[in-house]
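Below is one structure, written out as structure tokens; the observations come after it.
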2 protein chains.
Amino acid sequence: MATIKEIATLAGVSRGTVDRVLNNRGAVNPQTERKVRQIADAINYKPNKAAKSLAVRKKNYKIAFILPDYVSSNPFFNDVVAGAERKARDLGEYGVSVEFYYSRFADPAAQVELLDTLAHEGISGVAIAPVNHPSVAKKIRQLIAAGIPVVTSNTDIENSNRLAYVGSNYYEGGRTAAGVMGLITAGRANVGIVSGSGSILGHTERVRGFTEHMAAHEPGIRIVGLVENNDDDIESYTVTKDLLEAHPEIDAIYITAAGVYGAGRAIQSLGRTPPIRVVCFDTVPTTVRLIKEGVIAATIDQQPFVQGSKPLGLLYEYLTMGVLPKKEYLYTELGIRIRENL
Amino acid sequence: MATIKEIATLAGVSRGTVDRVLNNRGAVNPQTERKVRQIADAINYKPNKAAKSLAVRKKNYKIAFILPDYVSSNPFFNDVVAGAERKARDLGEYGVSVEFYYSRFADPAAQVELLDTLAHEGISGVAIAPVNHPSVAKKIRQLIAAGIPVVTSNTDIENSNRLAYVGSNYYEGGRTAAGVMGLITAGRANVGIVSGSGSILGHTERVRGFTEHMAAHEPGIRIVGLVENNDDDIESYTVTKDLLEAHPEIDAIYITAAGVYGAGRAIQSLGRTPPIRVVCFDTVPTTVRLIKEGVIAATIDQQPFVQGSKPLGLLYEYLTMGVLPKKEYLYTELGIRIRENL
DNA sequence: TTGAAAGCGCTACCAA
DNA sequence: TTGGTAGCGCTTTCAA
């Protein structure tokens with residue numbers, strides 16, 4: 001384990017000089033620089049992370065995690081928050097603090113203002129589930145330009161220049177759901193789709209991935225109808241019931257977003273034989289219950305815990321070690337869950 | 001962020017004393033002790049991990065990872081090794097070194113000797129995929145007694161008193177496979193089982209989990225035969241072929257261990273219609289290929305990467321922070337993989 | 001352009 | 001039973 005001190009001794013310079021070379025700060029005589037670099041990789045120098053994060057502790061890093069305010073009513077986000085809080089505690093033990101903020105959904109102006117305030121209060125980094133609006137993208141670009149790293153979580157936003165996105169690949173999620181549907185129906189089914197909202201990108205992508213995969217690989221599967229539930233369980237219940245009554249031939253249902261419980265209850269109440277095969281997303285408590293009751297065959301999980309924890313981890317690495325995320329798109333894994341591996 | 005120094009000031013004692021109290025080293029006046037403890041949790045003291053691991057760096061921790069020597073011929077273990085190497089690199093940046101050892105499979109004496117040598121050479125901790133033999137368990141107990149933490153990976157060993165086990169829950173893996181089989185056959189199938197070896201606990205557990213689940217929940221699924229391939233692809237090819245020829249009624253195959261490629265090729269070569277539904281374990285390259293070709297419907301993944309990385313992480317936490325694993329059994333997740341979410 | 005030194009929070013050792 | 005101090009590897013500041 002080589003250290004800066006060793007390099008300094010070998011090069012016959014001070015530790016400060018070595019530091020300047022290795023971290024490109026301040027000016028150094030090109031001769032010395034070359035010598036130091038050469039020695040550094042000759043002895044395979046790797047900075048000690050514990051020492052690094054101890055030394056920068058004086059900076060008192062503060063990270064903000066901005067979530068939409070509907071998190072409390074959406075059990076999916078419970079797990080995102082749990083992941084974030086867990087990581088926040090870990091980072092606390094390294095001297096970094098995390099604060100949570102909730103900004104009104106569908107109100108880009110409010111989110112922009114919050115970002116602005118945080119920037120002025122000297123926040124060190126930001127994790128955010130952004131409202132998809134150009135004004136938010138612009139504000140994020142400003143933070144980035146001011147040297148404040150930003151990572152998006154759960155939903156991404158274009159042209160924002162954020163460091164990375166941590167979340168689901170919605171299109172692939174749709175394809176995976178299609179694959180599961182193909183397997184459990186042996187390639188023959190009439191599918192009804194219950195989606196969230198046509199104006200939310202993630203939902204439409206999940207529909208697109210599903211239908212495109214079916215069109216390409218499953219000639220025996222027809223999509224016979226699509227309804228929207230606006231992520232509301234009651235609405236979900238009624239539109240699903242209407243859909244099933246209007247299309248008695250439906251023997252499979254694909255639910256792309258929230259409202260799984262409402263749709264599930266509608267399906268259950270009709271009690272069709274043979275039973276309707278249902279595929280949906282996320283592993284919230286009501287969904288677990290419906291899987292156990294045999295109403296839902298499978299659900300696709302998108303690692304909400306990771307969506308909470310990883311953005312904070314990336315910001316920490318960037319701030320204390322100067323390490324950029326390996327990839328711009330850090331997609332969470334698409335886990336297929338059935339009764340037996342819940 | 002409270003520090004030891006602050007506590008010392010508030011309590012009117014030295015930092016050394018606070019350290020003694022908080023880490024239970026050396027004797028301290030009960031009065032002082034109470035006072036220090038009280039202040040510590042009044043200001044919610046949490047030790048700084050970076051500082052902790054920097055300070056213990058002088059100890060120059062060395063961890064050994066002992067794997068069976070067949071890892072090189074078993075692609076599943078490539079991922080275990082990859083996970084371990086990745087973590088080893090990370091730990092290197094915190095001043096901890098990791099060395100890999102390969103001990104002959106099915107030779108408990110060799111593994112015992114290796115453990116003994118390492119202990120005498122002053123190893124700090126051991127991660128091991130143990131040979132399941134009482135002599136190995138006994139040696140592990142000795143290391144534990146000597147203060148050397150041991151964590152098992154991939155396979156566990158009874159009565160060894162190791163800190164924790166990181167790996168698959170094989171019984172649950174069998175149940176999950178049964179669940180998948182139930183879904184993709186709509187509950188009607190004649191299943192042939194291709195297992196590894198009746199003398200390897202993991203394999204028999206996967207058979208047990210599968211058959212018990214079928215007996216309890218799937219009246220329409222019959223298990224009509226079981227053959228063993230000894231984890232060899234050629235043997236797997238021939239026994240699978242024989243099984244299918246002896247039982248023309250078989251329309252589903254469950255493979256519990258290695259030899260997936262051989263079995264898959266046998267199934268493929270017979271070209272039955274309707275196609276035989278196949279469920280197996282692990283996501284090695286040949287399995288991926290067979291899934292893409294439509295021969296295998298689904299595979300159950302057991303996070304080999306985690307089996308490599310987590311044991312090292314646990315040992316690091318224990319050695320530098322004195323933190324014990326949260327649980328004794330750290331089961332990896334059972335991920336269902338199909339063509340679309342490989 | 002460089003060196004010297006203090007300090008991040010914790011551990012460990014020696015002296016009292 | 002306690003205090004004082006040096007040191008882990010790195011960053012940062014001040015002076016030269």
Side-chain angles (χ1 to χ4, degrees), chain A residues 1-36 40 43-61 91-97 317 319-323, chain B residues 1-36 40 43-61 91-97 124 316-317 319-323:
Chain A
M1 291 302 113
T3 69
I4 280 194
K5 199 160 88 181
E6 292 180 67
I7 298 176
T9 315
L10 290 172
V13 298
S14 77
R15 299 143 84 203
T17 302
V18 176
D19 178 63
R20 258 162 251 140
V21 173
L22 265 22
N23 297 288
N24 317 300
R25 31 178 164 247
V28 178
N29 179 318
Q31 294 264 329
T32 337
E33 164 148 9
R34 270 201 330 163
K35 193 169 179 184
V36 167
I43 65 177
N44 190 27
Y45 171 75
K46 295 267 180 296
N48 182 302
K49 287 204 177 187
K52 254 192 143 97
S53 61
L54 225 209
V56 299
R57 194 188 183 287
K58 315 182 201 185
K59 297 205 174 152
N60 236 266
Y61 287 126
L91 293 186
E93 299 181 345
Y94 286 97
V96 173
S97 67
E317 286 279 313
L319 290 170
T320 62
M321 320 287 171
V323 178
Chain B
M1 292 300 114
T3 70
I4 281 195
K5 200 160 88 180
E6 292 181 65
I7 299 176
T9 316
L10 290 173
V13 299
S14 78
R15 299 142 83 202
T17 302
V18 176
D19 178 62
R20 257 162 251 141
V21 173
L22 264 22
N23 297 287
N24 316 299
R25 31 179 162 248
V28 178
N29 180 317
Q31 295 264 330
T32 336
E33 164 148 11
R34 268 201 329 163
K35 193 168 178 184
V36 167
I43 66 176
N44 190 26
Y45 171 76
K46 296 266 180 297
N48 182 302
K49 288 205 175 184
K52 253 192 145 98
S53 62
L54 224 208
V56 298
R57 194 186 182 288
K58 317 183 200 185
K59 296 203 172 149
N60 235 267
Y61 287 125
L91 294 186
E93 299 182 345
Y94 286 96
V96 172
S97 67
S124 322
Y316 173 76
E317 284 280 311
L319 290 169
T320 62
M321 320 287 170
V323 179

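Each chain gets a letter, A, B and so on, in the order its sequence line appears, and its residues count up from 1.
Remark: C1' of dT12(D) and NZ of Lys52(A) are 14 Å apart, rounded to the nearest angstrom. Between the CG atom of Leu319(A) and the P atom of dT11(D) there is a distance of 14 Å, given to the nearest Å. As a whole-Å value, the separation of Lys46(A) NZ from dC10(D) C1' is 17 Å. In this structure, the OH atom of Tyr94(A) is 13 Å from the P atom of dC10(C), given to the nearest Å. Between the NZ atom of Lys49(B) and the C1' atom of dG9(C) there is a distance of 15 Å, rounded to whole Å. Rounded to whole Å, atom P of dG3(D) lies 13 Å from atom CD1 of Ile4(B). Across the protein-nucleic acid pair, Lys5(A) atom NZ and dG9(D) atom P stand 7 Å apart, rounded to whole Å. For the pair Glu6(A) CD and dC10(D) C1', the computed distance is 14 Å after rounding to whole Å.
When each of Gly26(B) and Ala51(A) is assigned the nucleotide of DNA chain D with its nearest heavy atom, Gly26(B) is the one assigned upstream, toward the 5' end. Residue Val28(B) is the one, among Ala55(B) and Val28(B), whose nearest nucleotide of DNA chain D lies closer to the 5' end (criterion: closest heavy atom). Heavy-atom distances to DNA chain C give each of Lys59(B) and Ala27(A) a nearest nucleotide, and the one nearer the 5′ end belongs to Ala27(A).
Looking at the side chain of Arg15(B), the nearest of the listed nucleotides dC10(C), dG3(C), dG9(D) is dC10(C). Closest to the side chain of Ser14(B), from the set dC10(D), dG3(D), dC8(C), is dG3(D). Distance from the side chain of Asn23(A) is smallest for dT11(D) among the nucleotides dT11(D), dT11(C), dT2(D). Closest to the side chain of Thr32(B), from the set dT2(D), dT12(D), dT11(C), is dT2(D). With dG3(D), dT11(C), dT2(D) as the candidates, the nucleotide lying closest to the side chain of Asn29(B) is dT2(D).
The residue Asn48(B) sits close only to the backbone: its heavy atoms come under 4.0 Å of sugar-phosphate atoms, none of a base. At a threshold of 4.0 angstrom between heavy atoms, the contacts of Ser53(A) with the nucleic acid are absent.
At least one donor-acceptor pair closer than 3.5 Å links the side chain of Asn29(B) to the backbone N or O of Gln31(B).
Between Arg25(B) and dA12(C) there is a side-chain N or O to OP1 or OP2 distance below 4.0 Å. An OP1 or OP2 oxygen of dC10(D) is reached within less than 4.0 angstrom by a side-chain nitrogen or oxygen of Tyr45(A). Proximity of Arg20(B) to the phosphate of dT1(D): no side-chain N or O atom is located under 4.0 Å from OP1 or OP2. Between Lys58(B) and dG7(D) there is no side-chain N or O to OP1 or OP2 distance below 4.0 Å.
Between the OG1 atom in Thr17(B) and the CD1 atom in Ile7(B) there is a gap of 12.0 Å [rounded to 0.5 Å]. Rounding to the nearest 0.5 angstrom, the gap separating the CZ atom in Arg20(A) from the OG1 atom in Thr32(A) is 10.5 Å.
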* To do: Could you walk me through whether Asp19(B) and Arg25(B) pass the side-chain contact (heavy atoms from CB on, under 4.5 Å) test, one step at a time?
  => CA-CA 8 Å; Asp19(B) 178 62; Arg25(B) 31 179 162 248; 2.8 Å; yes
* To do: Applying side-chain contact (heavy atoms from CB on, under 4.5 Å), run through Val36(A) and Val13(A) and close with a yes or a no.
  => CA-CA 9 Å; Val36(A) 167; Val13(A) 298; 4.3 Å; yes
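Of all heavy-atom pairs spanning Ser53(B) and Tyr94(B), the tightest one is OG-CD2, 4.1 Å.
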